[in-house]
Protein chains: 2
Amino acid sequence: MGNTELKKTNQSWAPVRANSVANQIVMQVREALFSGKFQPGDSLGSEKDLAAQFDVSRITVRDALRTLETMGIVEIRVGAGGGARIAESNLDYFSDALAVQFILAGVTKSEILDMQVAIEGTGAELAALHRSSENLEELAELLDDAETVIDSPAEFTEAGQRFHLAVVEASGNRALIAQFRALRYVVWPQNAQRAKREIAENAQKIHHQLYNLIKAQNGNAARKLMIDHLFSIRAVSFSGTAEDAANGMICC
Amino acid sequence: MGNTELKKTNQSWAPVRANSVANQIVMQVREALFSGKFQPGDSLGSEKDLAAQFDVSRITVRDALRTLETMGIVEIRVGAGGGARIAESNLDYFSDALAVQFILAGVTKSEILDMQVAIEGTGAELAALHRSSENLEELAELLDDAETVIDSPAEFTEAGQRFHLAVVEASGNRALIAQFRALRYVVWPQNAQRAKREIAENAQKIHHQLYNLIKAQNGNAARKLMIDHLFSIRAVSFSGTAEDAANGMICC
DNA sequence: TTTAAAAAATGATATAACAATTAGAACACT
DNA sequence: AGTGTTCTAATTGTTATATCATTTTTTAAA
């Protein structure tokens, strides 16, 4: 296999074992993707094809494919007509990578909540600026849905979370959406799903205000309200009082 | 809430191939990590050990290890006393995953810049609130460094980028830092590294103001200044005039 | 104590084989 | 013509057995 020299960046990539043949194949495919040579859906051929193409054994190709697959760069199908092809974007891979690194790094709840403020604050602001009529319809529907389950803490929490997602989605910014989904993946399991009706009603009220600000395209106010909203959740989440603990976090 | 039909998205993790033996091993290790059973540094044993432990062939273990390695969950060392162990947090894996998904999803420059505003704006705000004296020293040093290379566009751009990184690092929020580094990885290659001295001087001036606001713990003003700064960069970056294109983007 | 050679452990690669899965073609039967 | 079924070929998943290359540890010598 010729072209094995990797580009400038990425000194970080494990100095050890970096030049195994399998990794060279990974790098070549990766660079080809980054340089626009590949589009999602493009076929790379079967393991046998690739083994012949790179003049290596099937196992070496397998190692490379397993890495590329985990990176989310290729998807592999078994059976006739199968093989490896360039994958569609799948943010789950990314969310998962983020969650893993947060755990390994021991990132705290407080840090993640600050991150949430950054993402959702900007999300709300951009949602107000860019929302489509379809976005508004969806947000209104989600508000109605939440209303019907306001007495069921777990369901209301879930409905509220969907509302928050819809707000970020209304921003039209896929980078923000990706980050939000990643954070959600990290944060949600920690959320207590119990809350008093009083708290639920307050969350619902704020969500309505948020909807109105987004509808009115008032980005700055939407951002501020979202941030206040998140901070109040944080306050509940971090206050250690017995009652608050019992109330739990609502919606997010 | 009745509405159980999930939205279009998220058939996600390929139903096919999900229960291969190799994937089961991956899942087991993953779950163990998420449940706190493993800490960075813990040894998993060699390929041979794991093959015996799971009663599978070495190649199957290899497949699983390659996946876990790419996920950043384990690191593998050769030689006596080597084998697989739980990795330390390495945000490069995550940054890379993000970059890959942005490319596959075709995320635009505009979307990424909005994301930058969210991250760096919050980063500057939190830096002002949480900065240590060491942070201030480093920021001051970086300002001096940039001053000495103000006539060398490429070097000044790099120095400016280091300043921006230091600001986010001063926030003390590892989640933000991770996101910033990920974005940097995506954005930097696009940055033109040429600029007129006039532009460099302006950037340097703003960086000084930013430093002062962080020193004064004025979070709100720091955030606003950072955002203005980024928007002015965006303006240059997106204006298509010949002169601006020649001037390029400065610092970030 | 330092250095260098030897040995052991381990991953990297290759070859061969079989099982399980899938797509598509061929075929039979309405 | 259309529909369902069966066969076939292609392809990944898995196992087994070797051999090679690299790294680390151990041992011996200077």
Separation of [X] atom [atom1] from [N] atom [atom2], in whole Å?
X	N	atom1	atom2	answer
Leu65(A)	dT13(C)	CG	C1'	15 Å
Ile76(A)	dA20(C)	CD1	P	21 Å
Arg62(B)	dT13(C)	CZ	P	7 Å
Ile59(A)	dT19(D)	CD1	P	15 Å
Gln24(A)	dT13(C)	CD	C1'	13 Å
Glu75(A)	dT12(D)	CD	C1'	14 Å
Phe54(A)	dA12(C)	CZ	P	18 Å

- [ ] Verify the contact: side-chain N or O of Thr60(A) to OP1 or OP2 of dA12(C), cut-off strictly under 4.0 Å; return yes or no.
- [x]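 Checking dA12(C) against Thr60(A), no side-chain N or O comes under 4.0 Å of OP1 or OP2.
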Open item on the list: So, OP1 or OP2 of dT21(C): does either fall under 4.0 Å of a side-chain N or O from Arg77(A)?
Closed with: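 No, because none of the side-chain N or O atoms of Arg77(A) sits under 4.0 Å from OP1 or OP2 of dT21(C).
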If you check the [X] side chain, which of [options] turns out closest?
X	options	value
Ala80(B)	dT14(D), dT24(D), dA12(C)	dT24(D)
Val56(B)	dA14(C), dA12(C), dT15(D)	dT15(D)
Val21(A)	dG11(C), dT13(C), dT14(D)	dT13(C)
Ser57(A)	dA12(C), dT14(D), dT15(C)	dT15(C)

Open item on the list: Do Arg184(A) and Phe180(A) form a cation-pi contact, if we require the NZ or CZ to be under 6.0 Å from the six-membered ring centre and within 45 degrees of the ring's axis?
Closed with: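 Verdict for Phe180(A): no cation-pi partner in Arg184(A).
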Could you list the residues that satisfy side-chain contact (heavy atoms from CB on, under 4.5 Å) with [X], not counting sequence neighbours?
X	result
Val117(A)	Ile227(A), Leu230(A), Phe231(A)
Thr108(B)	Arg174(A), Ser110(B), Glu111(B)
Thr70(A)	Thr67(B), Thr70(B), Met71(B)

TODO: Please tell me which of Gly82(A) and Gly83(B) maps to the more 5' nucleotide of DNA chain C, matching each residue to the nucleotide holding its nearest heavy atom.
DONE: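 On the 5' side of the pair lies Gly83(B).
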Open item on the list: Here's a test of your reading of the structure: between Asp63(A) and Arg58(A), which maps to the more 5' nucleotide of DNA chain C?
Closed with: Asp63(A)
Open item on the list: Looking at Arg66(B) and dG11(C), is any side-chain donor or acceptor paired with a base atom of the opposite kind under 3.5 Å?
Closed with: no
TODO: Would you mind listing every side chain to side chain donor-acceptor pair (under 3.5 Å) that reaches into residues 37-49 of chain B, with sequence neighbours excluded?
DONE: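 Sorted pair list: Ser46(B)-Asp49(B), Glu47(B)-Arg58(B), Glu47(B)-Arg62(B).
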Open item on the list: Checking His207(B) against Tyr211(B) for the side chain to side chain contact (heavy atoms under 4.5 Å, CB included) test, could you report, in this order, the C-alpha distance in whole Å, the side-chain angles of both residues, the deciding distance, and whether it holds?
Closed with: CA-CA 6 Å; His207(B) 286 182; Tyr211(B) 169 79; over 6 Å; no
Task: Audit row: Thr60(B), Asp63(B), side chain to side chain donor-acceptor pair (under 3.5 Å) steps and yes/no - done: CA-CA 5 Å; Thr60(B) 302; Asp63(B) 269 19; over 6 Å; no
TODO: Give me the bend of the helix from dT1(C)-dA30(D) to dT30(C)-dA1(D), using the axes of the five pairs at each end, rounded to 10°.
DONE: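 Computed angle between terminal axes is 10°.
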TODO: Take atom CG of Asp55(B) as the centre, draw a 6.0 Å sphere, and report whether it contains more than 12 heavy atoms from other residues, nucleotides or ligands.
DONE: no
Open item on the list: Between Glu138(A) and Glu134(A), is there a side-chain heavy-atom distance shorter than 4.5 Å?
Closed with: no
Task: Minimum side-chain heavy-atom gap Leu143(B)-Glu147(B) below 4.5 Å - done: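 A side-chain contact under 4.5 Å is absent here.
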Task: Within residues 42-53 of chain A: residues closer than 4.0 Å to DNA chain C (heavy atoms) - done: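 The stretch gives none, as no residue of it lies under 4.0 Å from the strand.
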